[in-house]
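Below is one structure, written out as structure tokens; the observations come after it.
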Amino acid sequence: MAFDYGKYIRPGKLPHIWCPGCSYGIVFKSLLRAVDAQGLDPDDIALVSGIGCASRLPGYVDFNTLHTTHGRALAFATGLKMAKPDKHVLVVSGDGDATAIGGNHFIHACRRNIDITLLVFNNFIYGMTGGQYSPSTQPGRFASTMPYGNVDFAFDIPALATGAGATFVARGTAYHAAALDKLIVDAMRHRGFSVVDIVNACPTTYGRRNKFKSPTDMLLWMKDAFVPAAAYAKLSPDEAAGKFPMGVLHRVDGKPEFCEAYYGMVERLKS
Amino acid sequence: MAFDYGKYIRPGKLPHIWCPGCSYGIVFKSLLRAVDAQGLDPDDIALVSGIGCASRLPGYVDFNTLHTTHGRALAFATGLKMAKPDKHVLVVSGDGDATAIGGNHFIHACRRNIDITLLVFNNFIYGMTGGQYSPSTQPGRFASTMPYGNVDFAFDIPALATGAGATFVARGTAYHAAALDKLIVDAMRHRGFSVVDIVNACPTTYGRRNKFKSPTDMLLWMKDAFVPAAAYAKLSPDEAAGKFPMGVLHRVDGKPEFCEAYYGMVERLKS
Amino acid sequence: MSGRYEIRFSGSGGQGLILAGVIFAEAAAIYDGINAVQSQSYGPEARGGASKSEVILSDGAIDFPKATSIDLMLALTQEACAKYCKDVKEGGTLLVDEDFVHDVPAGDYNVIRLPIIRTASEAVGKAFVANIVAIGAIAAITGRVSREAVEKAVLSRVPKGTEELNRKALSAGYELVERRTV
Amino acid sequence: MSGRYEIRFSGSGGQGLILAGVIFAEAAAIYDGINAVQSQSYGPEARGGASKSEVILSDGAIDFPKATSIDLMLALTQEACAKYCKDVKEGGTLLVDEDFVHDVPAGDYNVIRLPIIRTASEAVGKAFVANIVAIGAIAAITGRVSREAVEKAVLSRVPKGTEELNRKALSAGYELVERRTV
Amino acid sequence: MTRVKLLQGNEACAEGALYAGCNFFAGYPITPSTEVAEHLARKLPRSGGVFLQMEDEIAAMAAVIGGSLAGCKALTATSGPGFSLKQENLGFAMLTEIPCVVVDVMRGGPSTGVPTGPGQSDIMQCRWGTHGDHPSICLTPAYVEEIFSETVRAFNLSEKYRTPVIVAFDEVVGHMRERIEIPEPGAIPLVGRPRPTCPPSEYLPYDDSRGDVPPMANFFEGYRYHVTGLNHGPDGFPVNASPRIHTDELRLLRKVEGNRGDIVRFAEHRLEDAEVAVFAYGICGRSAKTAVDQARSEGIRAGLFRPLTVWPFPEEQVAALSGRVRRIVVPELSLGQIVLEVDRCAKGRCAVEGIHRVDGDPITPAQILARIREAL
Amino acid sequence: MTRVKLLQGNEACAEGALYAGCNFFAGYPITPSTEVAEHLARKLPRSGGVFLQMEDEIAAMAAVIGGSLAGCKALTATSGPGFSLKQENLGFAMLTEIPCVVVDVMRGGPSTGVPTGPGQSDIMQCRWGTHGDHPSICLTPAYVEEIFSETVRAFNLSEKYRTPVIVAFDEVVGHMRERIEIPEPGAIPLVGRPRPTCPPSEYLPYDDSRGDVPPMANFFEGYRYHVTGLNHGPDGFPVNASPRIHTDELRLLRKVEGNRGDIVRFAEHRLEDAEVAVFAYGICGRSAKTAVDQARSEGIRAGLFRPLTVWPFPEEQVAALSGRVRRIVVPELSLGQIVLEVDRCAKGRCAVEGIHRVDGDPITPAQILARIREAL
Amino acid sequence: MTKGRQAEKVEEWENAKVRIRVVPRYCKGCEICVKLCPVRALGMERFKSKVADIDKCILCMQCEMRCPDFAISVERKEEAP
Amino acid sequence: MTKGRQAEKVEEWENAKVRIRVVPRYCKGCEICVKLCPVRALGMERFKSKVADIDKCILCMQCEMRCPDFAISVERKEEAP
Ligand SMILES: Cc1ncc(C[n+]2csc(CCOP(=O)(O)OP(=O)(O)O)c2C)c(N)n1
Ligand SMILES: Cc1ncc(C[n+]2csc(CCOP(=O)(O)OP(=O)(O)O)c2C)c(N)n1
Ligand code: SF4
Ligand code: SF4
Ligand code: SF4
Ligand code: SF4
């Protein structure tokens, strides 16, 4: 049986606004399957986003959905989660939303270890505004504001999350959609802040400028370039050139979760 | 001969505003010695800060000094440095200024690897506003906004800088003042973004609430708790409890510096 | 507003209709010395969805830059046609792609149906030059801008290496109209 | 403004003078039922530098909460004395620490010199209770607030475990004045 | 007996919030508002509420909106620089109609200015600080008791009209201490947000068919809906280039402007037969009261109009007043802000003049009295 | 020949900046202003200038101030949400008197609103967006050529008066393309900041003894001095609770308000004998021009006042106008902002009424014409 | 919360083993399905995906998994016993 | 750029080996110097640092290095040959 996405998608909202070949739709489907796999009640889930193409996702999903201001989704989500710590709070962000203007909320959510799952739709570019470079655009790549090739440097988003104190850090890709389902499930089940950096293809503003002939070519690049972390670790430096690890990259289970710590204090004060 | 701080201090500005026993003055002196050791021309140095007790430092120093808005010093400094890439740009920030409101500029300066040196005056608290907890307040510690003991978690500032891509990351303390001179010199000489996390004592808003009997006790705690990185690495987990490494904690020399990369592009386009 | 002539290019997000408007306006304003302004509008849904681009030509000054009483409107998609054709003026012209626009709302205007996209993909070989084919057709229909100016404008705006392709597309557009008129 | 009585506590940042004002106002307003407001001001230099705290007592409503015509002013440091004493009214009282304020600017007011800080550090044993010593002295000088109220107010505001110390400091303050008057 | 306290203005604000049912605070410290946070940091965890110190003011404003959307009564408090930073998200709350209360304890100067000195120069920013058209309710208490009661009222108005409410007062009243009697619970009625009565399947979050304030479902209650900062339709989903945008934005303004009768509050003192009126709020209102009494004692027919609601501006009242007096004097701790509004509403019917002071000290009764005397 | 181009408003803005000597841009992309950045991203590196895309708008504003302080002519460009975020640092530049130009291409709605639609509803924010008292210069071009020339003027005013200048235009004029002839270099005179002539040892960065605009030394030129967002003395160091604060803030306002003659620019069209005037800027100014011409052709004595400077507001001109006409019609893409200022200055001398539209489309000539007709 | 779902036009192809559905209004013509199909069972027509040869389908599910637009779905038919 | 530096009151103590200076206006009485002095050469008077016994000084420089207030400085005198 084909998976029934219709269960979760708001009636009348398809087709979505994403461009032909934009891989966001692929990841969107993975997210729905991952939620379904956990058998969660949609009433108990809030899906929050900032601004950008990725951030339009919540509009399609029949959860409690909140489309906020650019970069601030995690801060809104923190308010929701602290108010209702037993609910599930999920955030989707573009790479710009999450790590450019939203970088501060990103690192603080990591530090706080609040039980929110962040999915970064990382297409290496600002899609919504038409293709300016982002903090995850690799050096040498082209963008409307780096017309001569990017001379700025990119974040390694998982490394940033790890340095900031996140307790579950993973990377997936739109190509490896089935593996992604599993990563999202694990991220959501993790008690504490979890981040999945999800590599995506923006054919419209990134692909064309960077010599990808078609959306499919972008997916096939992912197929080649992303290697399970365990296998990646065994590559020689030569073999590793142009390749990136994927899967769960960092995980800590001992650190207390923020809501638990806060409400633990509330309990202590009562007694 | 006693060091002549008067060379660099603006006439009539002492005594400074810091409280009795505040270790900022100790670090300030270290900074002046470090600058002196490099024989730099004060006309070629800009010293930039945000808002906070630490951020009042530039007012005392006879360089080009810029006291900006809370958290934004690195962004102002980036403008100065890009406009005049051959000048020296130094930033001083409190832990709140640098990593709470200023967290985003902090990680982006790290990512960009722009040749600026950031000294974080880390006193584990918001001093200027009277003792609210900061992103570097350790769990369990007391602050006016954590009256029952901190249930939030702290950044490891060097780890954050490393995760964000900084190429020179060090930690010093006000107690280890002579070693600090050297760290500041090395940080300033490093071509790329450099951060020195400098542990400080705020007796007024932190010490009193956290059972330090005197400013001296706070310095003596530093003496005990901070161990050179090499020695720290050899401690058993038991021995390491309550201790922290200091010295240069991370250093990468291959990554291009941002101004060089940008002006390299300018040169390429000319030809 | 003597001789004000309003043209609207409409279709879906990715079809290059803003560029088409720009090229047309540039042909008029820069190469033919006719007053021209170009404007556009699109949704927050910059991606896909109906989009339009407008060019106003006039002998006199052009203050209000938007089309409200359209002399000629192009529609490459059904959605755009339905959404935007109400502003075509009495006696104006509605140019539609004959394969992609089936229901043309009734109105007091002349309807011209041309296989613009098909011509681009089949005769020229690349669907994405449909906008250039459309420019040719519109230039031919309106006769307001010289062919020389249009050609210069096209060639100055298209990516290097695609000049021949675009020249061919432009000719194909002219021909669609000329063949029909003959 | 019938019976408006203005008191200013001044000294340097860390001397607890804001707390002194608060305690004094609380004694009046809460425990003695006299109208009282307390206000303060300090520089961006919250740390160190001159600081002041004011209490207005009145039978009637107190609208303007700041002291402009001071009945009694305390100065624990030379800097504060110099900076703030100009607002003491004719016939008012200027109470200074006899060890730390040497130059008292001339003015039409009575000057009282008491060893407040010395009393705190020597007689009571802790310099930091100088503010409580001062409260005792001021209560004694003004006679506007009952000793019982003052004592309650002090004890309700000081950290647990320091009650005895503070009670002693308060008494010492009263005694400084009483001894003097005798 | 324990309900009678000597409280600082900022503490009274925190106590007012608690009285109003506030169970969520998110903030970032800033002088001279920090005591609001510090007081709540002590109190909220004891009552099971949420106290959050966020990484900056932007995040604090966002968290407050999130908390409110999840059903809490939510508060943030700040001062000038932080208030500037909150503007973008404040606009979000206005457009998405999420109740919350924002306290701005005003300090001196633009930029960092005089952090510990009083000011009243954010008052136009309270109206126009965020981009785009938006409603604004802004209350301006002057006494510690009033800070308490107006903070309660701020929560009530915010919930009733589904809109953020600003409480703006200057450093002097924020930091001064006065005797206050905390009312018994229930003495001041509390208002909650209008709640949907329809089943979730019929719920439209911005349904304006039955009034200008649509019922609000909280998240996680079974009413799954969409909230966006894009202009939206009754169903909450974005609309684009549509007349709906115009009518919906008009409705947002009307919610506030159309309910002036309920929202606008002010105090009048000896205005009956006044020839000179003083229009003043906050600390200036206090000084003015003293000045008016002194003027009266000199036989000058002076009176005081003291707005407790500055936005929406008491337009009718000022228009009427301008028809009755010869002059309106407007003392402000700014270089001339609210005086512009008074002037606008006076429409030339009487003279309007400001007294301005921004040196870090409040305007004294004597300064105002001097101007009242000159006015004749 | 190559100087004649078909340029988008946003591109003309970028070209105007380059013409004015802009050699530093820092920004963060946002619709509908992004093309300003994109154009400069292509051009600036070629001429050795700095193009910086920062992590957010706050950082962009900060970097621009840093760049200017180091001697560059610096620009940033943004739209509503980004403009809100820049406010705190914009206030810093105002108080510290650091020249720079801020472009706000106005879109629709509060919050995210209608990002791709036009708006004019940030115009009050241009005056009052940051906390505290501060001067404001805001220019409002309506034609592509005018965007070019007003951007040049913005740089000139900014340098001359040492203050940030805002150039605000709506999405329609920002995105439309028109023919423009770029003037020869030198055709428009350029102005630089006043420079110190004294030796460094005597330099006082805020010395107002010889005029309201103190000479400005750039960093790294040997004049080592201190810049702070705290209120400060002539030497640049903080002062606290001092009359200096008052006089200095007054000077900041006077720099701008006192030079209205130089700063305020406007275009009049057929106003000589007008009975009805339209007051309109930006796209509404264009629509109004057509409407006025149509009205005249119907024999109605209509005219247009089109401000190119909205702040400082052309108070005297509007006051005079209100004495001459029966009615002033104010079309705006907002729910009523600048109409309040017109009303304030008219002081009841004539009727003032707004035409408001915020549905994502511009006000048409026909809408204005209809109101002109009704006015009679 | 099913608010009146409109019936969507669906195109179907099937054989004994498999049913493939395409919703033309959702398909944006990106060709991902066509290009990732290992057996070239799909093709394009007027910028929309269609099944060229249903019998080639090996039920690998690549097209369904990677269609970003919810436009194509593949259903394994119950094996006849 | 020396803009008229005011003469600051300085207290001095010395013996043959060492000269210690305290600027009373700078000293904030934190007692760090006193407490970190390994030989207890310093003491407090009226909340200000002073030298209690100059002959105890071993020139370790701890007090100078760690005085946060530029208030105390220690100078080794040229050794007599
Ligand atoms: C405060 C603010 N600044 C800028 C913007 C404009 N903006 C909208 S989305 C976006 C970035 C989009 O990139 P990303 O976050 O990577 O998401 P994507 O569109 O690629 O999914 C920007 C800069 C905005 N809406 N608000
Ligand atoms: C936008 C803004 N928010 C808040 C403040 C208030 N504020 C001033 S300093 C400070 C924090 C001080 O702590 P830290 O940065 O660690 O420096 P310290 O004072 O401890 O040296 C805060 C919150 C401000 N000035 N501006
Ligand atoms: S612009 Fe890029 S990210 Fe945005 S919808 Fe299109 S393809 Fe996807
Ligand atoms: S408050 Fe703390 S950090 Fe600030 S000056 Fe005092 S001791 Fe130093
Ligand atoms: S992958 Fe989906 S959207 Fe793309 S062509 Fe195939 S069916 Fe259409
Ligand atoms: S260390 Fe310095 S400031 Fe502290 S007591 Fe000694 S001399 Fe005074």
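Order of the sequence lines sets the chain letters (A, B, ...), proteins ahead of strands, with each chain counted from 1.
- Contact count against chain F (heavy-atom pairs under 4.5 Å) is highest for E:Leu340 among E:Leu250, E:Leu340, E:Leu253.
- Residues passing the ring-ring contact (aromatic ring centres under 6.0 Å, His included) test with E:Phe279, sequence neighbours excluded: E:Phe305, E:Phe313.
- In terms of heavy-atom proximity, E:Pro115 sits nearest to F:Leu230 at CD-CD2, 3.5 Å.
- Heavy atoms closer than 4.5 Å to chain F are found in both the backbone and the side chain of E:Phe92.
- Using a 4.5 Å cut-off between heavy atoms, E:Met124 touches chain F through backbone and side chain atoms alike.
- With a 4.5 angstrom heavy-atom cutoff, F:Pro81 touches chain E via backbone and side-chain atoms both.
- No other option in E:Gly80, E:Gly82, E:Gly113 has as many heavy-atom pairs under 4.5 Å with chain F as E:Gly113.
- Of the listed residues (F:Leu85, F:Ile123, F:Ile58), the one with the most heavy-atom contacts under 4.5 Å to chain E is F:Leu85.
- When side chains are defined from C-beta on, F:Val239 does not count as touching E:Val114, because their heavy atoms never get closer than 4.5 Å.
- Taking 4.5 Å as the limit, every side-chain heavy atom of F:Leu252 sits out of range of all side-chain heavy atoms of E:Leu335.
- Neither the backbone nor the side chain of E:Leu90 has a heavy atom closer than 4.5 Å to any heavy atom of chain F.
- In terms of heavy-atom pairs under 4.5 angstrom with chain E, the leader among F:Ala93, F:Pro243, F:Gly129 is F:Gly129.
- Annotation: maximal heavy-atom pairing with chain E below 4.5 Å, among F:Gly109, F:Gly360, F:Gly119, F:Gly91, occurs at F:Gly109.
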Tabulate, with distances rounded to 0.1 Å, every donor-acceptor pair spanning chain E and chain F at under 3.5 Å.
{"from": "F:Gly80", "atom 1": "O", "to": "E:His131", "atom 2": "ND1", "distance (Å)": "3.3"}
{"from": "F:Ser84", "atom 1": "OG", "to": "E:His131", "atom 2": "N", "distance (Å)": "3.3"}
{"from": "F:Ser84", "atom 1": "OG", "to": "E:His131", "atom 2": "ND1", "distance (Å)": "2.8"}
{"from": "F:Ser111", "atom 1": "N", "to": "E:His131", "atom 2": "NE2", "distance (Å)": "3.3"}
{"from": "F:Ser111", "atom 1": "O", "to": "E:His131", "atom 2": "NE2", "distance (Å)": "2.8"}
{"from": "F:Thr112", "atom 1": "N", "to": "E:Gly229", "atom 2": "O", "distance (Å)": "3.0"}
{"from": "F:Gly113", "atom 1": "N", "to": "E:Gly229", "atom 2": "O", "distance (Å)": "2.8"}
{"from": "F:Gly113", "atom 1": "O", "to": "E:Asn231", "atom 2": "N", "distance (Å)": "3.0"}
{"from": "F:Ser121", "atom 1": "O", "to": "E:Gly132", "atom 2": "N", "distance (Å)": "3.1"}
{"from": "F:Asp122", "atom 1": "OD1", "to": "E:Gly132", "atom 2": "N", "distance (Å)": "3.2"}
{"from": "F:Gln125", "atom 1": "NE2", "to": "E:Gly129", "atom 2": "O", "distance (Å)": "3.0"}
{"from": "F:Gly129", "atom 1": "O", "to": "E:Gln125", "atom 2": "NE2", "distance (Å)": "3.0"}
{"from": "F:His131", "atom 1": "N", "to": "E:Ser84", "atom 2": "OG", "distance (Å)": "3.3"}
{"from": "F:His131", "atom 1": "ND1", "to": "E:Gly80", "atom 2": "O", "distance (Å)": "3.3"}
{"from": "F:His131", "atom 1": "ND1", "to": "E:Ser84", "atom 2": "OG", "distance (Å)": "2.8"}
{"from": "F:His131", "atom 1": "NE2", "to": "E:Ser111", "atom 2": "N", "distance (Å)": "3.3"}
{"from": "F:His131", "atom 1": "NE2", "to": "E:Ser111", "atom 2": "O", "distance (Å)": "2.8"}
{"from": "F:Gly132", "atom 1": "N", "to": "E:Ser121", "atom 2": "O", "distance (Å)": "3.1"}
{"from": "F:Gly132", "atom 1": "N", "to": "E:Asp122", "atom 2": "OD1", "distance (Å)": "3.2"}
{"from": "F:Asp133", "atom 1": "OD1", "to": "E:Leu335", "atom 2": "N", "distance (Å)": "3.1"}
{"from": "F:Asp133", "atom 1": "OD1", "to": "E:Gln337", "atom 2": "NE2", "distance (Å)": "3.0"}
{"from": "F:Asp133", "atom 1": "OD2", "to": "E:Leu335", "atom 2": "N", "distance (Å)": "3.0"}
{"from": "F:Gly229", "atom 1": "O", "to": "E:Thr112", "atom 2": "N", "distance (Å)": "3.0"}
{"from": "F:Gly229", "atom 1": "O", "to": "E:Gly113", "atom 2": "N", "distance (Å)": "2.8"}
{"from": "F:Asn231", "atom 1": "N", "to": "E:Gly113", "atom 2": "O", "distance (Å)": "3.0"}
{"from": "F:Ser242", "atom 1": "N", "to": "E:Asp359", "atom 2": "O", "distance (Å)": "3.3"}
{"from": "F:His246", "atom 1": "ND1", "to": "E:Val358", "atom 2": "N", "distance (Å)": "3.0"}
{"from": "F:Leu335", "atom 1": "N", "to": "E:Asp133", "atom 2": "OD1", "distance (Å)": "3.1"}
{"from": "F:Leu335", "atom 1": "N", "to": "E:Asp133", "atom 2": "OD2", "distance (Å)": "3.0"}
{"from": "F:Gln337", "atom 1": "NE2", "to": "E:Asp133", "atom 2": "OD1", "distance (Å)": "3.1"}
{"from": "F:Asp343", "atom 1": "OD1", "to": "E:Lys347", "atom 2": "NZ", "distance (Å)": "3.0"}
{"from": "F:Asp343", "atom 1": "OD2", "to": "E:Lys347", "atom 2": "NZ", "distance (Å)": "3.1"}
{"from": "F:Lys347", "atom 1": "NZ", "to": "E:Asp343", "atom 2": "OD1", "distance (Å)": "3.1"}
{"from": "F:Lys347", "atom 1": "NZ", "to": "E:Asp343", "atom 2": "OD2", "distance (Å)": "3.1"}
{"from": "F:Val358", "atom 1": "N", "to": "E:His246", "atom 2": "ND1", "distance (Å)": "3.0"}
{"from": "F:Asp359", "atom 1": "O", "to": "E:Ser242", "atom 2": "N", "distance (Å)": "3.3"}

